[in-house]
Amino acid sequence: STFLAGDLLWMSGSAYLNLTPQGHVDLERITLRREDPAAHLLGPLRAREVALGDLDVPAMDFSTAPRGRGAMVSSFPLDFRSSFDTRSFRGVLLPGWSVELYQNGALVGSQASRADGQYAFLELPLRFGLNDFRLVFHGPYGQRREESIRLDLSDAQPRAGEFYYRVLGLDPKARQRRTGDQDVEPEPGPLWRAESVYGLAKWMAVNGGLLFQDRGSGSRGFALAGTRLVLPFLSARASAMRDRSGREQAALVDLRTGYGYHSLSLRRENYRNWQVGTGGQNAEEALSSRTTASLQGTWRKRGMAFQAGILAQEDRLAEGGFHRRASLTLAGSTGLWYAGNTANWSRHQGVQTTQPTFDGNLYVSREGERLSVRSEVAYQRLAGAMRLQRGMGTLEYRPRDDTNWQLRLTRFVQQGQTQIQLAFNKLRGRVGLGALASYSRENGFSCTLTLQTSLAREPRTGRFAMDALPQASQGAVSALAYL
């Protein structure tokens, strides 16, 4: 795999390429982007962002976040990457890397590197009050870095008189045609979207949007209108969407309140003949309504932190029947240690499903300067029996800053498979050396030797330099100081 980043046509460009086992070069992702926080792009349009290529864009009410190849122009502030009451986290994640996302100290998700060299935590709900997000990245050579973001619902509320817009056109099927992957579920056809928000007062804003999407039988058009309020003790949002004929309709009301790191949220959604964003959902699975309630809290005392959260959700189906789900999350941390467990209960009526009635995930980790330990156990209750689904343990030792040893044991209980991996990496000078030995009874023994180098060009002198550490996507700055 190769990741390229640089400037092209006065825009920031990036490309990610993979060499397939068949010897073909697959261009997984290419993007050109220009950003200006002062909104001086495209003259009278006063845009803050212009993007071309493979894009991930925020979701609009009642529709999923689209991905595809196309173009986008936006005047939204650069921090407004998501919807009003949600936040998405996306970025570069090179092969061998993994990332964990914490919200107010509780683990909400983890991902390993994907084929397109990206990670994505999509449309995470924001709590009323403070939201402390922390991204923890683990590299294949023992690297560890963190990014912290603090958000509040009021951060996404425009001031009185401010107007923001976003216009885009995407073809979600572009990647499927490019890779020829016929095993994945077909994506919807090309879509065009325009959305805007206007601040009526410091505490009130209105928003609207238009969506056109090709569903194979022709383009369908939808219109969206909504309003949002943010008060010191409460946030409220109402939104409605319908197609041109009025056959498909959707509406929602969302209320949130809280204090400090404690929050309560209530949400109600109603649908009629709704199919937008369902990915070809069957008629018997079409929603009639969805009701969601959640209560979250975080407590800190004497260097310790404890988090607890309860979520309950009921989906009523248009053809009768329902899905009910409840979730309980408990987590705690002290010093270098963290432990968290999420348990989910579900009940279904009037519809056939293979989903377990109970499942959960237990995660324990210790992050030290030289020694790190991470373990995870997934379990579920299916057909009346409690079963372990998967277990994983990782031990990482860093005797020096440029040297890393890693031992990983993974057990897939239901398949009866066990995999053992031992890795050694040393990054120093111009070329990095890595070795990975893996063994499983099903696949036997394998050994991989990796040589890594990065080539970077200093723009002021024009000189090229090689380094064992990755350079692409690391960023650069040129500064002048006046005394």
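Not counting sequence neighbours, the partners of Glu195 by the side-chain contact (heavy atoms from CB on, under 4.5 Å) test are Met60, Arg166, Arg193. The ring-ring contact (aromatic ring centres under 6.0 Å, His included) test applied to Tyr338 returns Tyr102, not counting sequence neighbours. Looking at residues two or more places apart in sequence or on another chain, you find a side-chain contact (heavy atoms from CB on, under 4.5 Å) between Leu8 and Leu32. With sequence neighbours left out, Phe137 forms a ring-ring contact (aromatic ring centres under 6.0 Å, His included) with Tyr119.
Residue pairs meeting the salt bridge (Lys or Arg N to Asp or Glu O under 4.0 Å) criterion with at least one partner in residues 297-314, sequence neighbours excluded, are Glu314-Arg316, Glu314-Arg324. Legend: salt bridge (Lys or Arg N to Asp or Glu O under 4.0 Å) pairs involving residues 235-245, not counting sequence neighbours, sorted by first then second residue: Asp61-Arg237, Asp85-Arg237, Arg220-Asp243.
Under 3.5 Å, the side chains of Glu367 and Ser372 contain a donor-acceptor pair of N or O atoms. Side-chain atoms of Asn344 and Ser327 include a donor-acceptor pair closer than 3.5 Å.
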Ring pair (Phe, Tyr, Trp, His ring centres under 6.0 Å) for Phe358 and Trp345? Distances and angles first, verdict last. CA-CA 5 Å; Phe358 174 80; Trp345 293 263; 5.2 Å; yes
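Annotation for Arg46 and Ala38: closest pair NH2-O, 4.1 Å, computed over non-hydrogen atoms. Between Gly368 and Leu336, the shortest heavy-atom distance links the atoms CA-CD1, 4.1 Å. Scanning both residues, Pro172 and Pro190, for their nearest heavy atoms gives CD-CA, 4.0 Å. Of all the heavy atoms in Leu130 and Asn104, the pair that sits closest is O-ND2, 3.3 Å. Of all heavy-atom pairs spanning Ala205 and Gly199, the tightest one is CB-CA, 4.1 Å.
Inter-residue side-chain proximity for Arg127 and Arg256 is flagged as unmet; no heavy-atom pair is nearer than 4.5 Å.
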